[in-house]
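Everything on this sheet refers to the single structure shown next.
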Amino acid sequence: MSLLEIKNAKLKLDDKDILKGLSLSVNSGEVHAIMGPNGSGKSTLSYMLAGRDGYELESGEVFLEGQSLSDMEADERARSGLFLAFQYPVELPGVGGMSFLREAVNSRRKFLGEEELDHLAFVKEARKVASKMFVKDEMLKRAVNVGFSGGEKKRFEILQMAMLKPKVSILDETDSGLDVDALKIVSDGVNAQRNDENAIVVITHYQRLLDYIVPDFVHILSDGIIIKSGGPELALEVEKNGYAGLINAA
Amino acid sequence: MVATQETIDKVKEVSSTYKYGFVTDLEAEKAPLGLSEDIVKFISHKKKEPKWLLEWRLKAYKKWLSMEAPNWAMVDFPKINFQDIYYYSAPKTKPKLNSLDEVDPELLRTYEKLGIPIKEQEVLAGVAVDYVFDSVSVATTFREKLAKEGIIFCPISEAVQSHPDLVKKYIGSVIPISDNYYAALNSAVFTDGSFVYIPKDVKCPMELSTYFRINEQNSGQFERTLIIAEDNTYVSYLEGCTAPQRDENQLHAAVVELVAMNNAEIKYSTVQNWYPGDKDGKGGIYNFVTKRGNCLGKKSKISWTQVETGSAITWKYPSCVLKGDDSVGEFYSVAVANNAQQADTGTKMIHIGKNTKSTIISKGISAGKAQNTYRGQVQIQKNAKGSRNFTQCDSLLIGDKCGAHTVPYINQFTPHARVEHEATTSKISEDQLFYCLQRGLDTEQATSLIVNGFCKEVMKELPMEFAVEAQKLIGISLEGSVG
């Protein structure tokens, strides 16, 4: 079944057309990569999906597990199982990582009709997941993203993803600002979460990330629409010939 | 901040209704309306006070008549008609002081609604609580245990009877009757409050706590608290306040005096949640309070921590007079003002002794149309060589119709001292809010989380059980502020 369905999405920012009729269908168990040059609408796409204020669709529709997202606020979408790993995770001074994670996880559990975790149970679970992600306990005690290195921020994003167990995860330029070692750790974290029940959409500029998170499908986004779709080999083609060749061909 | 109309509507729908706005139906015994010499005598007579105290009250009353209400604070309100207030009000079914079982069940239910069931607190938290209901102290718990250590913890009206020498020696010693308009008024008409005495070399084994609550309509509450810590002692005192919802404004003019001798430490924490009035500024408490501590002894320490979320108007400057050499004064404050609330609050640190130290951390949060002012004075006197002050004032704005103001006064009369002042103003960013929403938190949760993060340095100074309550309060008082 299709977990995420984007139908002819059109969106304007400051009277400028950014998404010009984008369609995409993502089934459970699949990993899709969306590649595109700067200004092609990648970040707009992720904000639109996540329901950020100001990124409402002009026309078209998006469905999460068959349910239309158009009347859902950002927090409802998140609780329903849509996760966005931020390109630039936001600092929350004074807000402890552990309490933040706990509130997030319990919001999701409440939505799913599961029992909320008490402090002790939660800490135990968080530590277990964190150790797999090479996230030290110490990091969970610090304020969210405050003073984190680029690698730590991204690891913390993927840790949140692992704790929240979303249906659809959108990874927005997760590779930006990472060195090779950090990239491998983060990718391992993402790969560990791939299963038949969920789906992952990787938004990236470079092919490099796709060596580690190998997609089932690759789509080329240009000027607000998908101009070409294919398998992993399409990413290699981009790497070899750049976007220009593909865009001109389309 | 950009928000869709739906968000705004939704937020409005669930927006703040004062959780504690209920009235307890008890018959009250009141003094006649208004203020006169006779009323002062009436109060003193009701309390069966000794002559010296009546004279002290009358002196204060005369002083008050000659004074003008202060007008320098950044608050705006119609002139108070002091003849339209009841100055004495006691529940008629007078509860016995030592046994909780004999307390009017209606009263106990009121406290339960406030979330402070006496029994539960007694058993679970091990907190000794002195309940002040309007003007009469209802029940003081844990007194026996404290008495074993020689600690006196009782209503001040009782201390007047049982320990007149101590009360006579210290009352008005920190805040003289002529100190200011509202302190003079309080000295004339104060009805009850807490009295704490920690004898030499005793560390108070539990947190002492008082819940104040204004219940009677049109009644002012003028409580008076006196805490004396002898040499080598420690005491932590918690004060919580709530009041029912009324259309009229009610006056609350308390006086708190602290005295710390050599090597004594007093930690005084307040969570103030008086009714703030409705969205348009109708009703609410006028909270005009004078609080001051004297660090008389060497190496003494007084620490004020306050979380102020309620009241229509707050006018309050808990201060420290650092007389003893090496004494320490601290002030940690969170002041939340939403809707039409006005807060003008801060502290005074008066350095007199050598090597005295003070720390001021103030976090002001403004939302709605509220105005929030930090006003603080740091004075380093001539002989206070080697003294140090550090002040940090942070303001957080929510929305674009509120205001934050910082008014520091620094007077330094010796070059051999160091004074630092830092101030910041920030807003909750849309990025922060979106990040939280994307993790499934709703707007209220997100705001509460971000604001509590902003206040963390102060919140961590609160005793544990109070901190949890204070966190929730901050969330509640900001409901409906984002959008």
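Chain naming here is simple, since letters A, B, ... match the order of the sequence lines and numbering starts at 1 in each. The structure presented is a predicted model; accordingly, all values stated were derived computationally and were not measured.
Residues B:Phe434 and A:Phe86 have side chains in contact (heavy-atom distance under 4.5 Å, counting atoms from C-beta outward). Residues B:Arg439 and A:Arg108 have side chains not in contact (no heavy-atom distance under 4.5 Å, counting atoms from C-beta outward).
Heavy-atom contacts from other residues, nucleotides or ligands closer than 6.0 Å to NZ of A:Lys42 number more than 12. Within a 6.0 Å sphere centred on CZ of B:Arg388, other residues, nucleotides and ligands contribute 12 heavy atoms or fewer. Remark: A:Phe63 CZ is packed, more than 12 non-hydrogen atoms of other residues, nucleotides or ligands lying under 6.0 Å away.
Using a 4.5 Å cut-off between heavy atoms, A:Leu84 touches chain B through backbone and side chain atoms alike. Of the two parts of A:Pro166, neither the backbone nor the side chain holds a non-hydrogen atom closer than 4.5 Å to a non-hydrogen atom of chain B.
Nearest heavy-atom pair across A:Leu92 and B:Cys436 is CD1-SG, 3.9 Å. Closest approach of A:Asp75 and B:Leu441 over heavy atoms only: CB-O, 3.1 Å. Minimum heavy-atom separation, A:Ala78 to B:Gly440: CB-N, 3.4 Å.
Annotation: side-chain contact (heavy atoms from CB on, under 4.5 Å) contacts of A:Ala199 (sequence neighbours excluded): A:Leu3, A:Val26.
Formation of a donor-acceptor pair under 3.5 Å by the B:Gln432 side chain with backbone atoms of A:Pro93 is not found in this model.
Looking only at heavy-atom pairs under 4.5 Å with chain B, the residue among A:Lys110, A:Arg77, A:Glu157 that has the most is A:Glu157.
Here the CG atom belonging to B:Asp431 is positioned 11.0 Å from the CD atom belonging to A:Glu91, to the nearest 0.5 angstrom. Interatomic distance, CD of A:Glu103 versus CG of B:Leu449, reported as 5.0 Å (0.5 Å rounding). Rounding to the nearest 0.5 angstrom, the gap separating the CG atom in B:Asp442 from the CZ atom in A:Arg79 is 6.0 Å.
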Would you mind writing out the side-chain donor-acceptor pairs for residues 140-151 of chain A within the sub-3.5 Å range, not counting sequence neighbours?
unit_1, atom_1, unit_2, atom_2, d
A:Arg142, NH2, A:Gly147, O, 3.2
A:Asn145, ND2, A:Val90, O, 2.8
A:Asn145, ND2, B:Tyr435, OH, 3.3
A:Ser149, OG, A:Glu152, N, 3.2

- [ ] Dump the intermediate steps for side-chain contact (heavy atoms from CB on, under 4.5 Å) on B:Glu430 and A:Arg52, then the final yes or no.
- [x] CA-CA 10 Å; B:Glu430 207 207 332; A:Arg52 183 167 193 156; 4.0 Å; yes
